[in-house]
Amino acid sequence: MGELHAVGVADDLAGRIRDAERDLLTSAVRQDARRLRELIHPDFTEIGRSGRLWTRSDLLVELLEEATRDTPHTDEWVIQRLDVDTVLVTYRLIAGTRISRHSSVWATSGDALALRFHQGTEQSAADARP
């Protein structure tokens, strides 16, 4: 599922964050209201690939109504500490012929992990690395 480069983040925490981020790409988690509420921060926002601004409530409705789909492939994971309780995650996502770059900000207070911000940007085929 792609390599992981951690900067200033313990390997176990980096792995937990990557697992949580990948869980959010699966239909099983996207259709599980309880798990989504655990993973998505109450003040969550997202700028989607289309440029649309999403709130937590928008996202919960959309994901819970989403049809079951294949889980996309991910790679090029970088997880780096921004401050004591905040981590930046970047990775590449491949879904069929679509390739996009993603960035997320995770709150990491105590044992809890919560996705605070996410942005996806479509990558043109000409710019895609093999």
Side-chain angles (χ1 to χ4, degrees):
M1 273 282 177
E3 67 287 350
L4 171 63
H5 180 70
V7 179
V9 180
D11 288 345
D12 62 327
L13 178 58
R16 285 181 51 228
I17 293 167
R18 181 177 61 177
D19 290 349
E21 185 89 39
R22 289 194 310 204
D23 285 351
L24 286 168
L25 298 173
T26 68
S27 289
V29 170
R30 294 165 87 90
Q31 296 168 355
D32 181 342
R34 182 194 60 76
R35 184 70 175 132
L36 287 174
R37 285 187 185 92
E38 287 175 0
L39 289 173
I40 307 296
H41 193 279
D43 296 323
F44 171 85
T45 56
E46 176 175 345
I47 300 170
R49 287 181 282 191
S50 67
R52 178 179 173 183
L53 182 63
W54 296 81
T55 65
R56 181 181 194 245
S57 58
D58 295 332
L59 185 69
L60 291 175
V61 167
E62 185 77 17
L63 293 181
L64 290 170
E65 293 178 357
E66 182 181 77
T68 300
R69 63 187 182 86
D70 291 335
T71 302
H73 174 77
T74 59
D75 63 11
E76 299 183 15
W77 287 87
V78 178
I79 299 178
Q80 53 191 316
R81 179 149 318 274
L82 296 178
D83 68 22
V84 170
D85 293 324
T86 311
V87 173
L88 172 65
V89 177
T90 60
Y91 60 95
R92 188 174 71 147
L93 185 143
I94 300 133
T97 59
R98 292 178 72 179
I99 299 172
S100 51
R101 298 247 173 227
H102 292 257
S103 57
S104 299
V105 175
W106 284 81
T108 61
S109 181
D111 286 337
L113 299 175
L115 181 61
R116 181 70 176 79
F117 173 81
H118 184 81
Q119 181 168 3
T121 303
E122 198 76 30
Q123 185 174 353
S124 73
D127 293 331
R129 285 192 261 161

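What you see is a predicted model, and the numbers here were worked out from it, not measured in a lab. Positions are given from 1 along the sequence.
- Between the side chains of H102 and S104, no donor N or O sits under 3.5 Å from an acceptor N or O.
- The pair R18-E21 does not meet the salt-bridge criterion, since no charged nitrogen lies less than 4.0 angstrom from a carboxylate oxygen.
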Going through the checks in order, is the side-chain contact (heavy atoms from CB on, under 4.5 Å) test met by Q119 and E46? CA-CA 6 Å; Q119 181 168 3; E46 176 175 345; 5.9 Å; no

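- In this structure, the side chains of L115 and H41 stay at 4.5 Å or more apart for every pair of heavy atoms.
- In terms of hydrophobic clustering, with Ile, Leu, Val, Met, Phe, Trp and Tyr side chains grouped at heavy-atom distances under 4.5 Å, L4 and V87 are assigned to a common cluster.
- Within the model, atoms OG1 of T26 and CZ of R30 stand 8.0 Å from one another, a figure rounded to the nearest 0.5 Å.
- With hydrophobic clusters built from ILVMFWY side chains whose heavy atoms lie under 4.5 angstrom apart, V105 does not share a cluster with V78.
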Under the criterion side-chain contact (heavy atoms from CB on, under 4.5 Å), I'd like the reasoning laid out for I47 against T121: C-alpha separation, chi angles, the key distance, then a yes or no. CA-CA 9 Å; I47 300 170; T121 303; over 6 Å; no

As a quick check of understanding, evaluate side-chain contact (heavy atoms from CB on, under 4.5 Å) for R81 and L13, giving each step before the final call. CA-CA 11 Å; R81 179 149 318 274; L13 178 58; 3.3 Å; yes

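- Among D85, T86, V84, the one residue that satisfies the side-chain contact (heavy atoms from CB on, under 4.5 Å) test with L82 is T86.
- The backbone N or O of G120 sits nowhere less than 3.5 Å from a side-chain atom of R101 that would complete a donor-acceptor pair.
- Taking the six-membered ring where the residue is Trp, W77 and Y91 present parallel rings, their angle staying beneath 30° rather than reaching 60°.
- Between the side chain of Q31 and the backbone N or O of L64 there is no donor-acceptor pair closer than 3.5 Å.
- Side-chain contact between L24 and I40: present, with at least one pair of heavy atoms (C-beta onward) separated by less than 4.5 Å.
- Residues L60 and W106 are members of one and the same hydrophobic cluster, defined by side-chain heavy-atom contacts under 4.5 angstrom among Ile, Leu, Val, Met, Phe, Trp and Tyr.
- With rounding to the nearest 0.5 Å, the separation of CG in L36 from CG in D23 is 10.5 Å.
- A 6.0 Å sphere centred on CG of D11 holds no more than 12 heavy atoms belonging to other residues, nucleotides or ligands.
- In this structure, S103 and T90 have side chains that are in contact, with non-hydrogen atoms separated by less than 4.5 Å.
- Note that CD1 of I99 and CG of L93 are 9.5 Å apart. Values are rounded to the nearest 0.5 Å.
- Proximity of a side-chain donor or acceptor of S27 to a complementary backbone N or O of R69 within less than 3.5 Å is detected.
- L25 and L88 end up in different hydrophobic clusters when Ile, Leu, Val, Met, Phe, Trp and Tyr side chains are linked at under 4.5 Å.
- Salt-bridge formation is not detected for the pair R16/D19: no Lys NZ or Arg NE/NH1/NH2 atom is positioned less than 4.0 Å from an Asp or Glu carboxylate oxygen.
- Grouping the Ile, Leu, Val, Met, Phe, Trp and Tyr side chains by contacts below 4.5 angstrom, directly or via other members, places W54 apart from V29.
- Within the 3.5 Å criterion, the main-chain N or O of R37 finds a donor-acceptor partner in the side chain of R56.
- Residue S100 holds its OG atom at 8.0 Å from CD of Q123, rounded to the nearest 0.5 Å.
- Looking only at distances, no side-chain donor or acceptor of Q80 sits under 3.5 Å from a matching main-chain atom of V9.
- Across every non-hydrogen atom of I94 and P72, the tightest pair is O-CB, 3.4 Å.
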